[in-house]
Asks: 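Quick one: the structure is below, and I'll ask about it shortly.
Each ligand, and each atom within it, is numbered from 1 in the order the structure gives. Being a predicted model, the structure only gives us computed values, none of them experimental.
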Amino acid sequence: MSSTVLVASPSLLNEMEVAYQNSFVSPCPPHTLFAARKNGTVITAYHSGKVLFQGAGAEAEAGKWEAKGASETKKKEKKPASASTLPEGFKNWSVIGSDEVGNGSYFGPLTVVAAYADRSQLALLKELGVKDSKNLTDKQIISIAKDLITFLPYSSLTVWPEKYNHIQPTMTQGKMKALLHNQVLLRALQKIEPQKPEAILIDQFAQEKTYFSYLKAEKEIVNKNVFFATKGESHHLAVAAASIIARYSFLKGLEECSKIAGLPLPSGASAQSDVAAAKVLKKGGMPLLNKVAKLHFANTEKAKKIAGK
Ligand code: MG
């Protein structure tokens, strides 16, 4: 039997409840918000926001809600993290981890951070709530990051939209990221001298070979004890910490861009971004948009249409 689990926001959950109210299973099963049966599919919603679709039409039924913004939890879990190359006990090593934030967001900068987590600090990091930032709210991220930057050795680089738009036509995003990761790793290594990490873990965005081919022309290349893993933050707290600080830095950058634009700019790259970009265009045209958005995204053309330019 096919089954799909979605996670829905409170408002979407509400919408589902209304949509299925004529198909409710009665009595309502214990510990659920509601259960419904529709066209051979059983839909069970939980207070946590998780909604389980079971039966022949599960995928199609779930798909309707996915289109409205519910996210599939299973899909993410299906993709196995490539951790096979990490040595045993890696989680407990002293590691510099690096990650970037903002490359998928139309508005705001691209931020890359490398952070060093010594073995002796791992318990403290856990205590402070360091974990996969995708499971944290922005508010939690800001609060944890503010703690982290007081004691954790880290290095951060921010590429503002204007600079990004200047570089982007001549360089792939992959190469740009590789150069930035290499830079923050170099700086982090310098920062902790004479200490040396047992390893470096880069949240993987390119194949190892490709990554190093991007760095060919660099004077200094960090390549000793370097490991790559997708979902790096789940393999070492150093990457999780780097990711949290990068997200914090990105959010501050987005706020800065909002000030420049004179209106609140959303993160991500959705229809909401198109509408905001159209407003920016009306205010200050391309020169203003160039200061706050990554222009090569498809959002730019959509915004031009909305603005009638
Ligand atoms: Mg990443």
Asks: Using a strict threshold of under 4.0 Å (side-chain N to carboxylate O), is an ion pair present between Glu162 and Lys291?
Replies: no

Asks: If you take all heavy atoms of Gly129 and Ile144, which pair is closest and at what distance?
Replies: O-CD1, 3.4 Å

Asks: Check whether any N, O or S atom of Asp203 sits under 2.8 Å from the Mg ion (ligand 1).
Replies: yes

Asks: So, Lys252 and Glu255, do they make that salt bridge, N to O below 4.0 Å?
Replies: no

Asks: Is there an N/O/S atom in Glu233 at a distance below 2.8 Å from the Mg ion (ligand 1)?
Replies: no

Asks: To make sure I understand the geometry: which N, O or S atom in Asp99 is closest to the Mg ion (ligand 1)?
Replies: OD1

Asks: Please verify the inter-ring angle class for Phe297 with Tyr106; under 30° counts as parallel, over 60° as perpendicular, anything in between as tilted.
Replies: tilted

